[in-house]
Amino acid sequence: MSTAIVRVALPIPLPQSFDYTAENVSAGDLGRCVRVPFGRGEKTGLIVALPDCADLPVDRLKPVIAIQREAPALPADWLAMVEFTARYYQHPLGEVVAMALPPRLRKADAVAGAEADPLLDLTDAGRDALAASKRESRALALLRRLAEGGPCRRSLLRNEDGANPAVADALKRGWIAPCMAAEPAAMAGAPTLTDEQQAAVEIIGAEAGKFQPFLLAGVTGSGKTEVYLRLVAQAIARGEQALMLVPEIALTPQLETRVANRFPAARVVSLHSALGEAARSQGFVQAMEGRAEIVLGTRLSVFTPLPRLGLIVVDEEHDASYKQHEGVRYNARDLAIWRARQRGVPIVLGSATPSLESWHAADTGRYRRVELANRAVAITLPRVRPVDVRREKLQHGVSEHLLRAIEARLQRGEQSLVFLNRRGYAPVLSCPSCGWVSRCPHCTANMVLHLADKRLRCHHCSFDAGIPLACPDCGDQDIQPFGRGTQRLEETLGERFPDARVLRVDRDAARTRSQWEALLDKIGKGEADILVGTQMMAKGHDFPRLTFVGVLNADSSLFAADFRAPERLFQQLMQVGGRAGRGELPGEVMVQTQYPDHPLYKCLEKHDFARYAALQLEERKQARFPPYAANALLCANAPEVATSIAWLKDARAAAMPLAQAYGVQVFDPVPMRMVRLARRERAQLLVEAPARPALQAFLTEWSRHLWALKPPRELRWHLDVDPAEV
DNA sequence: AGCACGCCGACT
DNA sequence: GTCGGCGTGCTC
C-alpha cells in the first residue's frame, strides 16, 4: 500500500486547489472525480495533479473519501484547457471545472453510455418486402428511405412523425436490423456546391491535421453551412470528430435535424442550455469516448472532450452569445481557437459580418481569409437605403416611405418586417405636468410599459408593478406612455393596415422554445403579412416571402458610449437586411435615420463590410481600443456605490507598482453607466494593455494582491477579461 | 461559498 | 440565566 498526494480542484470561490492523501493512486487517476472531506462536510472535486510533495506538511492532509473510478477520467488535454481557462479568465479552477463538467459526471454514480440509438439498415428480408410491396404505407416509406439513403440512426427515423410504430414493426418482422457502423461520413441529400463553395472547401480541407484558423467571410445566403458540412464530412471520413459551435438562438431543432439528416450514419450530439442533465451527460460521455462523430452546440460545448478532434467550426463567430456574462466570463470563440492550436487542427470562423478582432487577424495574416462573395440562393443582394426622417413627417414614428413600401408588399402578397430593438409598448410612462417617470426602484433604469399584460416592468431586474391610474407624485391622471416599443408598433401598424395580419416576434411573444418555433413556423407558412421584431428576428432564418425590411431607431446606437455599439449596429443591420429577399423575390431595406450621410449607412447601402471594417479599425487604432489593445475590467458591486468605489481604489493602489512594470494603464474607478442593478450599486475600473500577453502577466500578479485585499463582506468583485462592453 | 466560532440584546 | 443577531476566519 502506497500513499500518494492528490491535488483536488473544488467548486469554491478560492484561487487555490487542495491537497489530500490517497492510497493506490496511479497516473490514470488524474482527471478523475473524487469525494473529499472539506471543512466540516464533504465535497466532490476533480484530481488535477499528482504532486510529489504537498504545499502543506503531509500530516495536515486529510485522506480522500473515494476516487470515482467507474467513470472514465477526463483526458489530459481537457484538463489543460480548463486550466488555461481558469488562468486566462482569472477564475478559480474548481469553478471552471464545475461549469464545464455536466453535473451527473461530478456525482459518484457512473454514467452508463448505453447504446440507445442503433444504426439501422435493410435486411435481405426487408429488400424482398420492398420489392414485393403493392400498397403505399408507412412501413414502405421507411424501407424505401433506408434503401435509398443507406443505414440510418433510429432517432432519425423516429423524428419523422408517426414513424416510430413502423420502425418497431419493421424490426420485429426482420425487415430492418441494427448494423455495424457503415460509413459515418456518408452524406444524404447534399446539394451541388457553387464554384466558390467548392474552392473554399478545397482551401480549408488542404490544411487538415494542422492548426490553421480560417475566417470564412460569406454574405448572408452564400451557403456557409454547406461549406461547414462538407468539411465535417471530410473530417469524419478521416476518422476524426468535428466540433460545431453555433450561437444560442441559432441551435434550433431544424439545424439539428439538418445536420443529423445529412449524416444519417453518424452519431450527432447536440448540446444546448435547455437540455436536461441526463442528456447533457450522455452526449458529453459519447463525445469523450469517441463514439460521437459530431458535436453541435452552443458556447458551453467548447468544453466537450473529443479524443479524435479534427475540425472546429464557429458559426456566426461575431455573435455576442459566445461570451458568457456571469460566473466564468469566457469567450467560447477564443477558447475554440486556443483549443484548435492545442490539438493542431484547423478552425473555421464563419460570418457575414465578422468581428473586428477576427477581421483584423485576417488582415495581418494570423487567420486565412476565405470569401464567399455571391449568394447561393437568391438573385441579388437587397437594395438598401436610408430614409431621412428630418425631411419627413412621421406617423407614430413610422415614415410615409416605410408605410408605402409595406403597402406595396401587402398588395403583392409578400411579407414585410419592421425591426425595432425595443420590447414592450413604450419604454417609459411619464407625467407631463410634474415630470415623474416610471423608474425601477432597484435599478438605474426606467420601467417599460407592457400594455398587453397591463404591467410596468424593468427589463434589467424583472421587477414588475401595476400601472398607476394617476401620477404617484402629483396625482395628475394624464400620465402617458412616451416613445415606442414593439407592442405599440404592432398596434400602430394594425390600425394603419386593418386587413393585414400583424405578428410580433420578440422575447415576450417567444418566451419559450416552443413558442419561438411556433412563430417561425407561422411566418414560414405565410400566415403573417407584417412582422414586428427585435434582434431575435435579425439572424438565422430565411423566409422566402419576406421582401421588405424597415428599421426604426437605428441611430441610438450610432453615438452610444460603448465603442463597440456601431460595430454591433452594422452587423445587426446587415444581418437583418439579409432577411429580405432570400427567395425568388428581390428584397429592399429601408433604415430610418437622421444621419443618412453617416459612413455606416453609406457602407451599408453598398453592402461593403470590408470598407466599414477598415473605417472602424482605423478609429480603434487611433483610440487604442481592441484589437489594438487588450482590456480587462475589475468590477465591484455592493449595496452602496461608495463601497465599490472605495475597494476599487484600494485595488488600483495595489496595481500601480505593477502597472509600470508591465506597461499597462490602470484607469480610475468609475460608477457603471447603469449604476444600480437589482438593488446593488456597481462600479468598475478599466485596465488597458498593449497586448494580451502583457495583460495576462499583469493580471496574474495583480489578482494575487486582489485576493489578499480583504473586501467588506457585502462586496462582490470579479475580473472580466476581454469584456464585451466597456 | 458554507459553516463554524464568538461576543452582545430580549425572552422562557 | 439562555436563544440568536451577523462580524471574521478557515477550509488541504
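Naming convention: chains lettered A, B, ... in sequence-line order (proteins, then strands); numbering from 1 in each chain. Since the model is a prediction, treat every value here as computed from it, not as a measurement.
- Within 4.0 Å of A:R713, counting heavy atoms only, lies at least one base atom of the nucleic acid.
- For A:K710 and C:dG7, the NZ to P distance is 17 Å, given to the nearest whole Å.
- Note: A:H442 and A:F463 have perpendicular aromatic rings, judged against thresholds of 30 and 60 degrees for the angle between ring planes.
- Within the 4.0 angstrom heavy-atom criterion, only backbone atoms of the sugar-phosphate kind lie near A:P37; the bases stay farther away.
- Here the side chains of A:L706 and A:W647 are in contact, with some heavy-atom distance below 4.5 Å.
- A straight line from CG of A:D19 to C1' of C:dT11 spans 13 Å, rounded to a whole angstrom.
- Rounding to whole angstrom units, CD of residue A:E42 and P of B:dG2 are separated by 15 Å.
- Atom CD1 of A:I65 is separated from atom P of C:dT11 by 17 Å (rounded to the nearest Å).
- The aromatic rings of A:Y330 and A:F303 lie perpendicular to each other, with more than 60° between the two planes, well past the 30° mark.
- A:R35 places its CZ atom 16 Å from the C1' atom of C:dC12, with the value rounded to the nearest Å.
- For the pair A:L715 CG and C:dT8 C1', the interatomic distance rounds to 16 Å; values are reported in whole Å.
- For C:dC10, neither phosphate oxygen OP1 nor OP2 lies less than 4.0 angstrom from any side-chain nitrogen or oxygen of A:R40.
- Using a 4.0 Å heavy-atom cutoff across all strands shown, A:L14 reaches at least one base atom of the nucleic acid.
- Put simply, CD on A:Q16 is 9 Å from C1' on C:dC12, counting in whole angstrom units.
- The 12-atom threshold is not exceeded at CD of A:E640, counting heavy atoms of other residues, nucleotides or ligands nearer than 6.0 Å.
- A:Y20 comes within 4.0 angstrom of sugar-phosphate atoms only, judged by non-hydrogen atoms across all strands, and of no base.
- Per the geometry, NZ belonging to A:K62 stands 11 Å off C1' belonging to C:dC10, to the nearest Å.
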